Number of protein chains: 2
Amino acid sequence: MVESQDSLYSLSSPDLDLDRFDTGELNLLSSQLSQNGELKSLEIDSQTLVNNLGFLAQEEYPQYFHEILEIPPLPNLDHLRQLPNLEDMSENNWKFDMQLKSESGNKSSWLYSGSLNKVFVKINTPLNVYPAFVRYDVNAELFIRAMIVYSSQNDLPEPVKKCPNHKEKYTGCFADHILRCDNTESVYRGNENGKVFEEKLAVLVPMKNIASNEPLKLTFTCQNSCSGGMNRKSTSLIFTLEDQYQNILGRKCMHFKVCSCPRRDKEKDEQTTKTLPKKRKIEGSNAPSTSKKQHLMQKQDSTETLMMDQSPVESPIATIPGTFMNIKQEQDAQVELKILLPNDALKKKALDAVYNVIAGEMSRSGNSALNYYLTELQKQIGK
Amino acid sequence: MVESQDSLYSLSSPDLDLDRFDTGELNLLSSQLSQNGELKSLEIDSQTLVNNLGFLAQEEYPQYFHEILEIPPLPNLDHLRQLPNLEDMSENNWKFDMQLKSESGNKSSWLYSGSLNKVFVKINTPLNVYPAFVRYDVNAELFIRAMIVYSSQNDLPEPVKKCPNHKEKYTGCFADHILRCDNTESVYRGNENGKVFEEKLAVLVPMKNIASNEPLKLTFTCQNSCSGGMNRKSTSLIFTLEDQYQNILGRKCMHFKVCSCPRRDKEKDEQTTKTLPKKRKIEGSNAPSTSKKQHLMQKQDSTETLMMDQSPVESPIATIPGTFMNIKQEQDAQVELKILLPNDALKKKALDAVYNVIAGEMSRSGNSALNYYLTELQKQIGK
DNA sequence: ATGGACATGTCCAT
DNA sequence: ATGGACATGTCCAT
Ligand SMILES: [Zn+2]
Ligand SMILES: [Zn+2]
Ligand SMILES: [Zn+2]
Ligand SMILES: [Zn+2]
């Protein structure tokens with residue numbers, strides 16, 4: 001164990017003997033790093049490690065060499081102990097992207113501003129984000145990590161914590177997590193005080209069980225305005241496509257704001273940004289009044305508008321869950337009932353009431369074909 | 001023990017044999033009542049007790065008879081198991097009052113509105129309140145209890161809880177208490193879910209150590225606007241002068257609001273009240289839209305300006321409703337109900353049934369926002 | 001759902 | 001400290 005680490009430390013030039021990296025060692029190194037926040041057991045600080053492995057860490061190397069060199073993936077794990085990176089990384093073989101698709105239904109629960117690369121979303125409301133990437137290496141086990149950070153350079157290191165008010169409502173693995181992902185097998189990582197990438201709160205979603213057109217079903221459980229929490233600071237979402245070794249294969253970032261009036265706030269935000277870069281921010285310990293308050297992402301803002309709005313096409317899939325198979329029904333034209341209800345409890349009551357309507361009719365008419373609808377209703381009620 | 005209680009229960013007429021009351025028995029009864037929220041050990045409900053002791057509970061009897069009759073104070077402990085009373089009680093021998101004195105210094109930390117009988121104060125800022133009373137019985141051990149309640153009749157039973165955000169900062173005996181009193185030997189009483197007088201959170205200050213001109217040094221540790229806490233409901237402060245047996249010798253009430261801008265809010269409040277009694281409140285589970293939202297104290301609002309400075313009539317004590325609906329209308333996630341039905345006729349019936357579900361809920365909860373869903377349903381039903 | 005009014009905390013210049 | 005502007009949640013009528 002120590003031996004393998006020693007061999008790592010001895011690396012000091014780009015003439016790396018790549019054969020020496022087998023995935024076993026990498027895994028080991030990776031876990032070594034993450035289980036021990038300060039690397040004390042290795043008696044080496046993370047900076048030293050970064051210095052020694054730094055040449056592997058260039059953004060230019062995310063591609064895999066193993067096909068050419070017939071070796072395992074080039075390790076690129078220094079980011080684990082660094083601050084999150086807010087630059088998109090999509091110009092490699094994986095062509096990773098995350099896309100929002102406007103949904104016809106209750107579209108008001110979120111709105112996206114292309115000019116700001118920012119999504120405005122209500123609290124506890126689903127935001128579906130669709131992964132898009134080329135499966136460049138079919139053997140890689142893929143994950144998408146979703147993480148929240150403060151947008152401003154000064155606040156980036158600061159952990160983004162859920163406010164005590166909203167914390168109170170939840171227990172369990174995501175009690176401290178603002179960002180929830182309701183896809184099955186999502187894993188909640190990090191801790192509330194984590195500063196570097198691997199320690200920050202995030203949700204890790206295995207792609208293994210995600211259908212090709214299935215979105216990440218995200219939910220924000222705290223508002224940007226919450227005092228004792230995000231406290232009106234501006235925030236960003238970072239998605240990273242990762243393999244089983246935590247190599248980063250792609251990255252997609254966007255600003256977000258969890259608020260009560262997405263439309264109003266989006267319009268005001270676009271308006272304000274259009275005119276002049278204002279102050280009146282409590283972000284960062286920046287200069288009194290002149291500071292331009294620039295986001296890390298905005299470094300490339302020249303191309304940002306494009307980046308956003310083109311990220312285009314692709315088919316919206318949105319298979320409606322719970323869609324019924326078409327039953328060839330007798331003479332009567334089958335009809336769909338589709339309504340909006342205030343909450344799940346009332347939806348449940350509504351379903352029960354409809355159940356009674358159908359059951360009553362079936363009883364009165366003796367039309368046992370209606371049983372099909374009861375069964376379908378029961379499925380929804382059971383959920 | 002049981003015997004002494006039995007003797008109490010046997011009282012059934014005002015011809016009370018006052019000699020039978022010694023302070024020992026009263027103390028015992030009092031502690032019996034308070035240690036056992038439901039009086040289970042006595043196998044008697046508090047209502048029965050009130051019925052039996054009710055004749056002692058008249059507001060007209062707070063005076064002591066012991067000088068005349070040479071017996072201990074007339075017991076008056078039924079209030080312990082009732083909702084707090086919001087009427088001033090100063091027209092007796094004790095002439096109890098609590099007074100604010102404008103301080104030259106940092107006067108901005110609070111402001112008092114005479115016309116509203118309301119003090120506007122900043123969070124975590126000292127509010128000195130000066131007790132004034134005639135020491136009618138020099139042998140009595142005196143206390144002043146300070147308690148916070150919701151002003152509106154509907155919300156009065158609801159415990160006033162500190163929001164989780166502000167709770168987080170404190171530990172110890174006043175962790176849950178919004179109202180702090182920094183005088184030495186202040187004792188924190190009650191519990192967060194207490195509904196009746198003796199169980200509600202309060203601070204009890206022994207007068208023994210208070211110099212004659214010394215004020216109660218109060219501090220509010222949570223704002224009226226705090227969600228998860230007072231949640232913008234209007235609130236009142238109740239001071240009661242009590243003896244060592246918890247008899248109430250005097251009472252002084254005032255509205256208060258803990259806010260960031262006392263001056264602005266005071267002016268706006270006075271302005272608004274001057275014109276017309278408005279709605280736009282989240283207080284009480286009141287009727288849909290017409291409810292006048294009246295404070296207990298405001299029942300006499302016609303004379304309130306006077307009342308403040310005099311001390312009025314009489315008024316009923318609100319009884320404890322078994323439950324009070326929680327109006328807390330946080331943002332519920334809207335949901336869509338989508339089902340397939342055999343034909344239009346049944347769809348119509350289904351819509352009717354759902355309509356009834358929502359209408360019923362709206363009626364029960366008084367949540368008029370649900371009307372939107374009824375309207376939408378009606379559109380579909382009309383088709 | 002939606003837009004307007006409002007309530008109320010925060011920032012900022014003086 | 002103070003008043004004005006602003007940010008942002010909530011209520012309400014449609
Ligand atoms: Zn929150
Ligand atoms: Zn940006
Ligand atoms: Zn609070
Ligand atoms: Zn009043």
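Everything numeric here is computed off the predicted structure, so don't read it as measured data. Within every chain, numbering begins at 1; the chains are lettered A, B, ... in the order of the sequence lines, protein sequences first and strands thereafter.
- Side-chain contact check for B:I178 versus B:V258: every heavy-atom pair is 4.5 Å or farther apart.
- The distance from atom NZ of B:K268 to atom P of C:dG9 is 11 Å, rounded to the nearest whole Å.
- Atom pair A:N231:CG and D:dG9:C1' shows a separation of 15 Å (rounding to whole Å applied).
- Under 4.0 angstrom from either OP1 or OP2 of C:dT8 there lies at least one side-chain N or O belonging to B:K257.
- Using a 4.0 Å cut-off, some side-chain N or O of A:S260 falls inside it from OP1 or OP2 of D:dT10.
- Residue whose closest nucleotide on DNA chain C sits further toward the 5' end, between B:S225 and A:C261: A:C261.
- For A:N224 and D:dA7, the CG to C1' distance is 12 Å, given to the nearest whole Å.
- Pairing of C:dT8, defined by two Watson-Crick or G-U wobble distances under 3.5 Å, is identified with D:dA7.
- Between A:A350 and A:L341, the closest heavy-atom pair is CB-CD1, 3.8 Å.
- A straight line from CD of B:Q223 to P of C:dG9 spans 5 Å, rounded to a whole angstrom.
- The residue from A:E270, A:K257, A:E267, A:H255 that alone fulfils the side-chain contact (heavy atoms from CB on, under 4.5 Å) condition with A:S113 is A:E270.
- Going from atom CD of A:Q271 over to atom P of D:dC6 covers 13 Å, rounded to whole Å.
- If you check distances only, the side chain of A:R264 never reaches the base of C:dG4 with a donor-acceptor pair under 3.5 Å.
- In this structure, CG on A:N193 lies 10.5 Å from CD on A:E158, to the nearest 0.5 angstrom.
- B:R263 has its CZ atom 6 Å from the P atom of D:dT2, to the nearest Å.
- How far NZ of B:K167 is from CD of A:E168: 6.0 Å, rounded to the nearest 0.5 Å.
- Comparing D:dT10, C:dG9, C:dC11 against the side chain of B:C259 picks out C:dG9 as the nearest.
- The interatomic distance linking B:F120 (CZ) with C:dA7 (P) rounds to 12 Å, in whole Å.
- Residue A:N124 contributes atom CG, which lies 15 Å from atom C1' of D:dG9 at whole-angstrom precision.
- In this structure, B:K122 does not reach the C:dG9 phosphate: none of its side-chain N or O atoms is under 4.0 Å from OP1 or OP2.
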